There are 2 protein chains.
Amino acid sequence: MTVRETIRRETPNLTASERKIANAVLADYPYGALQTIQELAERSGVSAPSITRFVSKIGFAGYQEFQRQLIGELREGSRSPLDLKATERLSRSDFVADYARRSAAIVSSMASAVSQEQFDRIVALLSDQSRAVFLLGGRISDTIARLLSQHLRQIRPRIHHLPANQEDWPDHVMSMRRQDVVVLFDFRRYQPDIAKLAERVAVNRRATVILVTDKWMSPIARHSDHVVALPIENDTAWDTALCAVAFIEALIVKVSEADWPSTKARIETWETVRLSPPTMKNGDGTDA
Amino acid sequence: MTVRETIRRETPNLTASERKIANAVLADYPYGALQTIQELAERSGVSAPSITRFVSKIGFAGYQEFQRQLIGELREGSRSPLDLKATERLSRSDFVADYARRSAAIVSSMASAVSQEQFDRIVALLSDQSRAVFLLGGRISDTIARLLSQHLRQIRPRIHHLPANQEDWPDHVMSMRRQDVVVLFDFRRYQPDIAKLAERVAVNRRATVILVTDKWMSPIARHSDHVVALPIENDTAWDTALCAVAFIEALIVKVSEADWPSTKARIETWETVRLSPPTMKNGDGTDA
DNA sequence: TCCACGTTGAAAAAAAATAGTCAAACGAGG
DNA sequence: CCTCGTTTGACTATTTTTTTTCAACGTGGA
């Protein structure tokens, strides 16, 4: 019986504070608990005596014995992944584990949905600072688009996240030049307004359109230069945005590496500016 | 420079007793040294003061720092089995596939960071429509928080996503009642403003605070009733939000299932309303 | 609303670990 | 064989850590 299992088993009997401790211990297991009581108390947000009560409640004679057991596990663990197997078997029945496993499968299937060549082309477009980048997503997917915007802003200038309100679009559209890049996110329940925007951008402004969508392909695809069709199915009532997130995070990594010194410098400047004035933020995260 | 190397390098300068200690430490490295001074002294066949002299001689401030260093090494070392392999193969030619694989691994590790019990408790809180729900995230994580808000809004009423601007918070905070739920997202580069909000909410309004953070634990943990500590490390310069997304999607599935007929009815109504008038959207996705 | 119970953290006590002191033991060189 | 310098461990002081005590607090039930 590992400490982890013991804690899991005792969870139902724990009080609120004790549960916080349990979380802190399990969150960074087992190293999180290889500290003094004080430090663990600090990290868990409870008092030191609560830690003592916690360890005795889950069946140890004292904090030291508890730590000794953890070190013992560590030592055993380095020999055989026994604990891992046990944990896995234990968690077969729960939803979280199951969901995690399924999600992982979907994420790994992303690789077959995006070819390396396509990825590289998109990275090249986004890394080219002579091109402005405009982003927009649908009702739900706009939050994903915004994740990309936020990160890109840290890496390079001229990132424009279009506001949700259609009426504000024309201004932005008019400022697009032919060499610019428009990244659209549109998953099923495709939105006509975005399709319209895409068409206008493609036809009138001739900007490069990158579309991130699902395998059923938003109608925007016909106006897009690059279409990334990601898996979104989950076997639940809800589609998953995981692949989209994984995809944009992969993009971020590569775009930032394209000119890392510049990225680093920019982030540092950014931090300085952010920290000095008492936070004066732009309300909705879009640029004006 | 590992402790082992340090010891090896210093060996020539050691006295007989000190060499005994060195042998004892290296013989069962690093576990042999993860004991009290007394035990190590016993095992080495020397006295406790010799141990003290030994550790200071090889350049540590004291026995504790020495042990801490060892634990640190252990922790670094343990990252290798899964991640190091991935890092090695982070090849240019197949970046997407590698990234997908690593991302999948991280997502599947989510299961060990979130226990089923904890998950169930959070689902119960969010499913309880008598509780209003307030959400907020940090600079980047707010987009994740927003994803949750968006979905929750489709499922149930009284979802309030706090605006990014701090000055608008007091209004919302004042409307919080004791039975309400506040969901905060805060990943490293923890933001003081959010911590302040959390404290005020916990102390003044006594609402239930759910914190989604990373294993280093945002200082908000101290004021939170439920702390979800997710893996975010990626071996890239950027932290990943994948687990956070997977987590909230899992939440969504279960919260929506808690009262599926009601959820379904609500979504249908929602669709009708959304499609009929020529889209009049709320600018930033927060409620007024 | 009030009461009884369980939970919590501050403070103090207890225990332990660690560092310091000093004299004895040891060994090298005379 | 003696002397000096080094090393060593018993003893002690100090610091740190852990545990216990106890009062206050919040919670849930009457």
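In this text the structure is predicted, and so the values were computed from the model without any measurement.
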(message) I want to verify a distance call: between dT8(D), dA10(D), dT17(D), whose nearest atom is closest to the Thr15(B) side chain?
(response) dT8(D)
(request) With the side chain of Ala16(B) defined as its heavy atoms from C-beta on, choose the nearest nucleotide among dT18(D), dC11(D), dT8(D). (result) dT8(D)
(message) Taking Ala265(B)'s backbone N and O only, do any of them form a donor-acceptor pair with Trp270(B)'s side chain (distance below 3.5 Å, no angle check)?
(response) no
(message) Using only atom types and a distance under 3.5 Å, with no angle test, would you say the side chain of Thr263(B) pairs donor to acceptor with the backbone of Ser256(B)?
(response) yes
Send over the distance from [X] [atom1] to [N] [atom2], rounded to a whole Å.
X: Arg53(B); N: dT8(D); atom1: CZ; atom2: P; answer: 7 Å
X: Phe54(B); N: dT7(D); atom1: CZ; atom2: P; answer: 15 Å
X: Ile51(A); N: dT16(D); atom1: CD1; atom2: C1'; answer: 17 Å
X: Glu42(B); N: dA10(D); atom1: CD; atom2: P; answer: 11 Å
X: Gln38(A); N: dT16(D); atom1: CD; atom2: C1'; answer: 9 Å
X: Arg68(A); N: dT17(D); atom1: CZ; atom2: C1'; answer: 14 Å

(message) Less than 3.5 Å apart, any donor N or O on the side chain of His161(B) or Asp142(B) sitting next to an acceptor on the other?
(response) yes
(message) Under the rule for ring pair (Phe, Tyr, Trp, His ring centres under 6.0 Å), what residues qualify as partners of Phe54(B), not counting sequence neighbours?
(response) none
(request) Sequence neighbours left out, what passes ring pair (Phe, Tyr, Trp, His ring centres under 6.0 Å) with Tyr99(A)? Give chain and number order. (result) Phe95(A)
(request) Can you run down the salt bridge (Lys or Arg N to Asp or Glu O under 4.0 Å) pairs that involve residues 50-69 of chain B, sequence neighbours left out, and say none if there aren't any? (result) Glu39(A)-Arg68(B), Glu18(B)-Lys57(B)
(request) Output the residues of residues 60-67 of chain A in contact with DNA chain D, where contact means a heavy atom of the residue under 4.0 Å from an atom of the strand; sort by number or write none. (result) Gly62(A), Tyr63(A)
(request) Identify whether any heavy atom of Ser17(A) sits under 4.0 Å from a base atom; if not, whether one sits that close to sugar-phosphate; answer base, sugar-phosphate or nothing. (result) sugar-phosphate
Enumerate donor-acceptor pairs with a distance under 3.5 Å from any side-chain N or O in residues 203-210 of chain B to protein atoms, sequence neighbours excluded.
from, atom 1, to, atom 2, distance (Å)
Arg205(B), NE, Val173(B), O, 3.3
Arg205(B), NE, Met176(B), O, 3.2
Arg205(B), NH2, Met174(B), O, 3.1
Arg205(B), NH2, Met176(B), O, 3.0
Arg206(B), NE, Val203(B), O, 3.3

(request) For DNA chain C, note the earliest and the latest nucleotide, 5' to 3', having some atom under 4.0 Å of a heavy atom belonging to chain B. (result) dA17(C) to dG20(C)
(request) Look at the side chain of Arg206(B) against the base of dG26(D) and say whether a donor-acceptor pair falls under 3.5 Å; ignore hydrogens and angles. (result) no
(message) Using 0.5 Å steps for rounding, measure from the OH atom of Tyr29(B) to the CD1 atom of Ile7(B).
(response) 6.5 Å
(message) Quick check on dT19(D): is either OP1 or OP2 less than 4.0 Å from any side-chain nitrogen or oxygen of Thr52(A)?
(response) yes
(message) With a cut-off of less than 4.0 Å, is there a side-chain N or O of Ser50(B) near OP1 or OP2 of dT8(D)?
(response) no
(request) Take Thr2(A) and Glu73(A), measure what side-chain hydrogen bond (donor to acceptor under 3.5 Å, both in side chains) needs, and give me the verdict at the end. (result) CA-CA 7 Å; Thr2(A) 68; Glu73(A) 279 178 25; 4.6 Å; no
